[in-house]
Protein chains: 2
Amino acid sequence: MKTKQVFLNGDFIEEPKAMLHFTDLSFQRGYGIFDFFRLVEMEPLFFEEHLDRFYSSAQNMHLQVPVDRGELVDVIHQLIQKNSLPNSGIRISLTGGYSTDGFNPGKPNLILSQHTFSTPSEEQREKGIRLLSHSYQRQLPHVKTIDYLMAIWLQPLKTQNGADDILYHANWFITECPRSNFFLVTGDNRIVTPAENILQGITRAKVIELAKKTHTVEVRPVRWDEIKTAKEAFITSTTKQLLSVAQIDEKVFSEREISTDLLQRFRSAYRC
Amino acid sequence: MKTKQVFLNGDFIEEPKAMLHFTDLSFQRGYGIFDFFRLVEMEPLFFEEHLDRFYSSAQNMHLQVPVDRGELVDVIHQLIQKNSLPNSGIRISLTGGYSTDGFNPGKPNLILSQHTFSTPSEEQREKGIRLLSHSYQRQLPHVKTIDYLMAIWLQPLKTQNGADDILYHANWFITECPRSNFFLVTGDNRIVTPAENILQGITRAKVIELAKKTHTVEVRPVRWDEIKTAKEAFITSTTKQLLSVAQIDEKVFSEREISTDLLQRFRSAYRC
């Protein structure tokens, strides 16, 4: 089997050799951004949207992307050709660079890497997943930073509680899951999703677009207690696409008709 | 000049060769801890306290330190001997390790590195520094994680405002600076410092101990508006020791008698 290639600062190298010096600001101070998109028949899905977000994240974090957009697209296509890896996605990573004083950014390091990823199990698809709530607001939520400290720190608690994922809330408003966006379906079939203090997911935007064709969609602050009266809940993400939620803490959702329908429409619309 | 040595996972290597694979969870998800202590005449200052905190941080983050405390002490002394670097400090870093799925921790990577560091300028020592306030609460504040994302993100704003450092507050209570603890001196000479939602600094603890000998010290929640009536303010940290604050936003402190006295007593007590 061929060794996977990675693009690091201008060169294609074998993945095991893709090393960064320990003075990199991601290692020293958790400072960096990334984006991740999946390939459908070897072509990036929602490519422009992910590139838009990546360059926007870089700008927000005062990091200069060392290649322009045309070059980045070209290099990504080369990487896809070289690796020829089905059912995978590309991660674009940009770090704070090698810092001379351990605090101020250096020249950012750019890494493009290709990864297979896990998708929801058959059981999760059939029954929906269980979410455990946690009060927490991500910093710079609109930027796709590498800050997943809380999410990883919560993993043991999640497991102890038999949950599949975490649902964050802050000041009694629902925000998001660590790596997914969140939606509720109200008793009268309105689809609601938080508007602010979240990462604006790309699958989220596509699902909103599709849902608007058949339902009233409300993108607005969503109070925590709206969960009580909701009849359905689901999450969206690049790797999960759209996944029904069966339970949040003690609240059980018995329906998943609308989310199942939306998943089918999403897959059909984007052939994924 | 001799190349500095770094201890990486069991081996002493030259600093330029101290590389980590890009799948490390610090790089991927900002997950890691560290500690930093200075050397005084080649001996670690407050060594036991820093080691206590390092092992406590590791435990809090569910990370296993790959060496026991005795071995760590031994390796640190070897590093100090090898580098023979005056006016420097040692950083102990522990990462989330190489992750196979980019999210779940692997076997932690341990790095010991030695660094010179900048100390306050003559002007800062004489006149005191200027702080810019920012509303923000660090996540897991009692753990010395590598999460300094907000601090680094704020650097350009700090510079634009002609400030030397940031002072965080949350819900109208003062917390800390990104890399220092904060103290106020009230009109009637009480010394007050926030009790919670902060990193429990080691210099902070030593200064509290010294201050108690001559003053009433209150370790408790400190309201933001207590700044208005305070006559003096100062910060403490490993690299700054104790540094007077001349200004926070619009508020100017004209006095620095107590902080100057405490700094002298600190230096004299610990010969640093």
Side-chain angles (χ1 to χ4, degrees), chain A residues 6 8 15-34 36 60-63 89 91 93 95-96 98-105 109 111-113 115-118 136-140 143 145-157 171 178-179, chain B residues 6 8 15-34 36 60-63 89 91 93 95-96 98-105 109 111-113 115-118 136-140 143 145-157 171 178-179:
Chain A
V6 161
L8 171 60
E15 192 181 89
K17 294 178 183 159
M19 311 283 279
L20 291 175
H21 196 247
F22 81 100
T23 55
D24 190 88
L25 217 54
S26 56
F27 168 78
Q28 296 272 324
R29 303 286 179 177
Y31 202 79
I33 59 157
F34 75 109
F36 181 81
N60 265 297
M61 291 275 278
H62 326 298
L63 294 174
R91 181 177 161 130
S93 307
T95 75
Y98 299 149
S99 174
T100 52
D101 63 0
F103 196 73
N104 286 292
N109 286 306
I111 300 189
L112 308 178
S113 52
H115 307 271
T116 55
F117 53 85
S118 61
Y136 174 65
Q137 174 59 58
R138 285 200 309 116
Q139 56 191 330
L140 308 182
V143 185
T145 72
I146 59 168
D147 172 24
Y148 288 72
L149 194 138
M150 183 57 70
I152 292 164
W153 186 75
L154 286 170
Q155 288 291 98
L157 189 73
N171 301 317
R179 296 184 285 178
Chain B
V6 161
L8 172 60
E15 192 181 89
K17 294 177 183 160
M19 311 284 278
L20 292 174
H21 195 247
F22 81 101
T23 55
D24 190 89
L25 217 54
S26 57
F27 169 78
Q28 296 271 326
R29 302 287 178 177
Y31 202 77
I33 58 156
F34 75 109
F36 182 80
N60 265 299
M61 291 275 278
H62 325 299
L63 295 175
R91 181 176 162 131
S93 307
T95 75
Y98 298 149
S99 175
T100 51
D101 64 359
F103 196 72
N104 286 293
N109 286 305
I111 300 189
L112 307 179
S113 52
H115 307 271
T116 54
F117 52 86
S118 61
Y136 174 65
Q137 175 60 57
R138 285 198 309 115
Q139 55 191 327
L140 307 183
V143 185
T145 73
I146 60 167
D147 172 24
Y148 287 72
L149 194 139
M150 183 57 71
I152 292 164
W153 186 74
L154 286 170
Q155 289 289 99
L157 189 71
N171 301 316
R179 296 184 285 176

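Letters A, B, ... are given to chains in the order of the sequence lines, protein chains preceding strands, and every chain is numbered from 1. Computed over heavy atoms, backbone and side chain alike; hydrogens, waters and symmetry mates excluded.
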Within this structure, what is the CG-CH2 distance for the pair Asn60(A) and Trp153(B), rounded to the nearest 0.5 Å?
7.5 Å
Can you tell which part of Ile111(A) gets under 4.5 Å to a heavy atom of chain B, answering side chain, backbone, both or neither?
side chain
Top of Phe103(B), Phe34(B), Phe27(B) for chain A proximity - count of heavy-atom pairs under 4.5 angstrom
Phe103(B)
Between Ser118(A), Pro16(A), Ala18(A), which shows the greatest number of heavy-atom pairs under 4.5 Å with chain B?
Ala18(A)
Against chain A, label Leu8(B) side chain, backbone, both or neither, depending on which of its atoms sit under 4.5 Å from a heavy atom there.
neither
A quick test of your reading: do over 12 heavy atoms of other residues, nucleotides or ligands sit less than 6.0 Å from CG of Asn171(B)?
no
Which pair of heavy atoms, one from Ile146(B) and one from Ser26(A), lies closest together, and at what distance?
CD1-O, 3.6 Å
According to side-chain hydrogen bond (donor to acceptor under 3.5 Å, both in side chains), who are the partners of His62(B), at least two apart in sequence or on a separate chain?
none
Below 4.5 Å from any heavy atom of chain A, which atoms of Phe117(B) appear? Answer side chain, backbone, both or neither.
neither
Residue part contacting chain A, namely of Pro178(B), when any heavy atom lies under 4.5 Å:
neither
Asp101(B), CG atom: more than 12 neighbouring heavy atoms under 6.0 Å
yes
Under a 3.5 Å distance rule, please check whether Arg91(B) uses its side chain to pair with a backbone N or O of Gln28(A) as donor and acceptor.
yes
What distance do Ser93(B) atom OG and Phe22(A) atom CZ have between them, rounded to the nearest 0.5 Å?
7.5 Å
Max heavy-atom pairs within cutoff under 4.5 Å with chain B, candidates Glu15(A), Arg29(A), His115(A), Met19(A), goes to Arg29(A)
Kindly write out the residues that satisfy side chain to side chain contact (heavy atoms under 4.5 Å, CB included) with Leu149(A), not counting sequence neighbours, or none if the list is empty.
Asp147(A), Tyr31(B), Met61(B), Gln139(B), Leu140(B), Thr145(B), Asp147(B)
Leu20(B), part contacting chain A, at a heavy-atom distance under 4.5 Å:
both
